[in-house]
Amino acid sequence: MHIAVNVRFLLPGDKLEGIGRFTLETLRHMVQQQPEHTFHFLFDRAFDERYLLGPNVVPHVLQPPARHPLLWVAWFEGAVAHWLRRNRPAVFLSPDGFTTLRTRVPRVTVLHDLAFEHFPADVDRLVLRYYRHFTPRFARASARLVAVSEATKQDIISTYGTEPAKISVVYNAADAHFRPLTAAVQQATRERFAAGKPYFLFVGALQPRKNLVNLLRAFDAFKVATASPAKLLVVGRTAWKAGPIFDVYQQLQYRHDVHLTGRVTDPELVELYAAALATCYVPYFEGFGIPIIEAQTCHSPVITSNCSSLPEVAGDAACLVDPFSVASIARGLTQVHASADYRQELVLRGQRNIQRFSWAESARLLWAEVERAASDGS
């Protein structure tokens with residue numbers, strides 16, 4: 001078969017985040033698992049050669065670069081639809097939640113979350129208009145939908161009335177380079193990033209849904225209550241609507257113990273997880289939450305939210321807190337900080353929990369949906 005794949009989230013350089021990671025790792029395994037099939041990777045700009053994942057991958061660059069709602073329409077409903085009409089692949093696979101309405105090619109679309117439906121104020125107005133107009137239409141037009149968690153699947157069913165049998169769940173996983181590190185490397189990491197002190201770690205883009213405003217306030221309350229030398233490292237790029245995060249940061253009593261690192265390299269991220277006192281990831285809505293299993297793979301205790309997909313992903317291997325309550329998050333920080341035995345128990349449970357997640361298995365499940373769409377469409 002010839003399979004067309006939207007790979008516009010395979011960005012040049014070290015810029016991959018959640019959707020980009022899902023795209024890269026599922027396709028890396030799928031291309032290797034299905035060598036007899038040809039994968040046509042549809043890029044929206046000049047691509048990094050490392051994303052040509054096998055001899056059965058054929059790259060195509062379609063214009064214009066799709067990084068704005070109006071250009072999303074031009075790319076998906078124009079360039080992609082035209083390419084599909086001209087080349088007629090068996091299936092169009094889109095791992096980023098978008099697809100095209102202007103084709104008869106069977107579509108498999110991965111929906112990562114419907115956060116915009118529940119927290120519309122977190123999204124820019126034009127982006128929100130695009131999401132609300134097109135996403136339910138994409139869901140109806142796709143032959144198969146893939147959700148990255150059972151929580152997301154149920155959200156699609158309840159929000160759009162989608163038939164449950166149309167949706168399969170394919171989890172994310174942690175990349176192979178995440179692993180525990182030696183005590184010496186951990187100490188060197190603390191010296192480099194936290195002046196030798198223990199630290200809580202947050203990993204994610206700085207945007208409203210990640211709930212950094214409440215995490216920062218909770219960390220300040222934790223410091224007031226405990227006088228601990230622990231620091232908070234916030235790792236990630238500044239994304240959209242981040243102003244309130246920086247406003248709260250400036251108001252913190254213990255601002256000097258909060259370090260905003262920006263992006264770090266992949267090896268540095270592994271070191272930061274492995275050396276952390278705990279990873280604290282408390283969004284108020286999440287489709288999956290990759291930092292949870294990345295942290296558990298590096299033997300970091302995890303504090304996370306008690307809502308959305310996060311308990312499903314964390315299993316019994318995290319300290320669960322209410323993300324809407326600063327006091328609850330602060331109690332979680334205090335509880336994990338206070339007990340080495342509790343931290344070790346979370347680490348051991350995390351080692352068991354991560355056995356549920358594998359990119360190779362996710363690729364097999366995603367390929368099954370591609371085959372199903374091709375069979376139904378033939």
Side-chain angles (χ1 to χ4, degrees), residues 115 118-119 121-122 190 193-195 197-262 272-273 275-286 289-292 294-296 300-311 313-314 317-340 342-343 345-347 350:
H118 305 286
F119 299 96
D122 291 352
R190 286 188 289 270
F193 287 96
K197 305 298 184 183
Y199 62 85
F200 294 101
L201 178 68
F202 166 86
V203 177
L206 276 63
Q207 50 112 323
R209 183 163 51 88
K210 301 302 181 181
N211 200 31
L212 275 161
V213 165
N214 279 356
L215 176 57
L216 291 172
R217 288 173 174 157
F219 178 74
D220 223 28
F222 159 79
K223 293 284 286 188
V224 169
T226 65
S228 166
K231 298 181 181 294
L232 172 64
L233 303 186
V234 176
V235 174
R237 68 181 175 93
T238 300
W240 56 91
K241 296 197 173 186
I245 297 170
F246 293 102
D247 291 343
V248 169
Y249 169 76
Q250 291 297 331
Q251 298 163 11
L252 295 178
Q253 180 177 341
Y254 287 89
R255 184 173 67 249
H256 60 281
D257 284 324
V258 177
H259 301 305
L260 308 176
T261 71
L272 286 165
Y273 276 130
L277 179 70
T279 298
C280 192
Y281 187 71
V282 290
Y284 48 75
F285 192 93
E286 192 66 80
I290 289 179
I292 292 173
E294 290 177 345
Q296 291 176 340
S300 172
V302 171
I303 303 166
T304 196
S305 304
N306 63 2
C307 61
S308 189
S309 65
L310 298 160
V313 173
C319 174
L320 299 182
V321 299
D322 178 357
F324 298 99
S325 166
V326 170
S328 178
I329 300 171
R331 283 194 298 272
L333 296 172
T334 301
Q335 180 181 3
V336 171
H337 174 269
S339 174
Y342 181 51
R343 294 196 298 273
E345 179 63 25
L346 291 179
V347 168

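The structure presented is a predicted model; accordingly, all values stated were derived computationally and were not measured. Sequence positions, counted from 1, serve as the residue numbers for this chain.
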As an exercise, state the distance from OG1 of Thr261 to CG of Leu272, rounded to the nearest 0.5 Å. 7.0 Å
Answer yes or no: is there a side-chain heavy-atom contact under 4.5 Å between Arg255 and Gln250? yes
Contacts of type side-chain contact (heavy atoms from CB on, under 4.5 Å), residue Val224, not counting sequence neighbours: Gln253, Tyr254
Quick check on Lys241: does its NZ atom have over 12 non-hydrogen neighbours (other residues, nucleotides or ligands) under 6.0 Å away? yes
Are the side chain of Arg343 and the backbone N or O of Pro301 linked by a donor-acceptor pair below 3.5 Å? no
Between atom CZ of Arg331 and atom SG of Cys319, what is the distance when rounded to the nearest 0.5 Å? 10.0 Å
Tell me, do Tyr342 and Val336 make a side-chain contact under 4.5 Å, heavy atoms counted? yes
Decide yes or no for Pro291 and Tyr273: does some side-chain heavy atom of the first lie under 4.5 Å from some side-chain heavy atom of the second? yes
Looking at CG of Leu201 and CG of Leu277, how far apart are the two atoms once the value is rounded to the nearest 0.5 Å? 10.5 Å
Any side-chain heavy-atom pair from Phe246 and Pro244 closer than 4.5 angstrom? no
For the pair Ser308 (side chain) and Leu310 (backbone), establish whether a donor and an acceptor sit closer than 3.5 Å, ignoring hydrogens and angles. no
Short side-chain to backbone donor-acceptor contact, Ser305 and Cys307, under 3.5 Å: no
If every non-hydrogen atom of Pro311 is compared with every non-hydrogen atom of Leu320, which pair is closest and at what distance? CB-CD1, 4.3 Å
Under the salt bridge (Lys or Arg N to Asp or Glu O under 4.0 Å) test, residues paired with Arg237 that sit two or more places apart: Glu17
Using modelled atom types only, decide if a donor and an acceptor are shared between the side chain of Asn211 and the backbone of Val282 within a distance under 3.5 Å. yes
Shortest non-hydrogen contact between Ser228 and Phe222, atoms and distance: CB-CZ, 3.7 Å
Looking at Ser300 and Thr279, would you say the former's side chain and the latter's main chain have a donor-acceptor pair under 3.5 Å? yes
Taken in chain and number order and not counting sequence neighbours, the residues that satisfy side-chain contact (heavy atoms from CB on, under 4.5 Å) with Asp122 are Phe119, Pro208, Arg209, Tyr284
Quick one: salt bridge (Lys or Arg N to Asp or Glu O under 4.0 Å) partners of Asp257, sequence neighbours excluded? Lys223, Lys231
Which heavy atom in Thr304 sits nearest to a heavy atom in Tyr281, and how many Å separate them? OG1-O, 2.7 Å
Do the side chain of Ser309 and the main chain of Glu286 share a donor and acceptor less than 3.5 angstrom apart? yes
Nearest-0.5 Å distance that lies between atom CG in Leu232 and atom CG in Leu333: 8.0 Å
Distance check, rounded to the nearest 0.5 Å: Thr334 atom OG1 versus Ile329 atom CD1? 11.5 Å
Side chain of Ser328, backbone of Val321: donor and acceptor closer than 3.5 Å? no
Evaluate the side-chain proximity of Cys280 to Phe202: yes if any heavy-atom separation is below 4.5 Å, no if none is. no
With His259 via ring-ring contact (aromatic ring centres under 6.0 Å, His included) - residues at least two apart: none
Relative to each other, are the rings of Phe200 and His337 parallel, tilted or perpendicular (30° and 60° limits)? tilted
Smallest separation among heavy atoms of Val213 and Val248, with atom names: CG1-CG2, 3.8 Å
Nearest heavy-atom contact between Ala278 and Ile303 is CB-CD1, 4.4 Å
Can you tell me how far CD of Gln296 sits from CG of Leu346, rounded to the nearest 0.5 angstrom? 8.5 Å
Run the side-chain contact (heavy atoms from CB on, under 4.5 Å) test against Val326 and tell me which residues pass, sequence neighbours left out. Asn214, Arg217, Ala218
